[in-house]
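These notes concern the structure reproduced below.
Each ligand, and each atom within it, is numbered from 1 in the order the structure gives.
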Amino acid sequence: MPKLISILNGPNLNLLGKRQPEIYGSETLADVEKACANLASELGLKAELHQSNYEGGLVELIHTARETSAGIIINPAAYTHTSVAILDALNAFEGPVIEVHISNVHKRESFRHNSYVSLRADGVIAGLGTEGYLLALRRMKTLVG
Ligand code: DQA
């Protein structure tokens, strides 16, 4: 059975492709899901993508991943910069965690420069567009085997 990687996405990422395309690009979350599923199967992994607009929803997705997944790739979106609850949930997850941001958060407003999730993440990708998810998946293969 291929190892499962959970790809979790936070608020407003359901609007990917329509929301500020000059910052986040024109690909939709469904496009990202398809590309990740294809690459995962090439790598001998299985990828499942989820999105929630709610902090508690993301906490519950992380709890589910504790039972099901070898690794987590997470774009917590705005909760990156505010959520101790998501950090705590990730601290209760035993496998590798990779944080992804589509935009280069360090080039943007200063409130986006802090990430609670980075205190837990094994690696961080920012500013590489939606390709960041695929690069994270390749790294995951190295980490989970
Ligand atoms: C984001 C960056 C966050 O600052 C922002 O709130 C998002 C998306 C990104 O992928 O670039 O919603 O995580």
Item checked: For atom 13 (O) of ligand 1, the option (of V100, N75, T130) bearing the nearest heavy atom -> N75

Note to self: Regarding atom 7 (C) of ligand 1: of the candidates Y79, Y24, Y133, which has the closest heavy atom?
What the structure shows: Y24

Next item on the list: Could you tell me the separation between the CD1 atom of I73 and the CD1 atom of I7, rounded to the nearest 0.5 Å?
Entry: 4.5 Å

Margin query: Measuring from atom CG of L143 to atom CD1 of I5, what distance do you get when rounded to the nearest 0.5 angstrom?
Written below: 9.0 Å

Notebook entry, point to check: How far is atom 9 (C) of ligand 1 from its nearest protein heavy atom, and which residue and atom is that?
Noted result: I102 N, 3.3 Å

Checklist line | Distance-only N or O hit between ligand 1 and L13, under 3.5 Å | finding: no

Next item on the list: Look at the side chain of R112 and the backbone N and O of H81, then say whether any donor-acceptor pair between them is shorter than 3.5 Å.
Entry: no

Notebook entry, point to check: If we only count heavy atoms from C-beta on, is the N75 to E99 side-chain gap below 4.5 Å?
Noted result: no

Item checked: Among R19, R112, H101, closest by any non-hydrogen atom to atom 12 (O) of ligand 1 -> R19

Next item on the list: Would you mind finding which of V117, V105, L15 brings a heavy atom closest to atom 2 (C) of ligand 1?
Entry: V105

Next item on the list: Could you grab the distance from atom CG of L39 to atom CG of L45, nearest 0.5 Å is fine?
Entry: 8.0 Å

Next item on the list: Mind checking the CG-CE spacing from L135 to M140? Nearest 0.5 Å is all I need.
Entry: 13.0 Å

Check: Got an N/O contact under 3.5 Å between R108 and ligand 1?
Finding: no

Notebook entry, point to check: What distance do C36 atom SG and L137 atom CG have between them, rounded to the nearest 0.5 Å?
Noted result: 5.5 Å

Check: Which protein heavy atom lies closest to atom 11 (O) of ligand 1, and at what distance to 0.1 Å?
Finding: S103 OG, 2.6 Å

Notebook entry, point to check: Considering distance alone, does some N or O of H81 sit under 3.5 Å from an N or O of ligand 1?
Noted result: yes

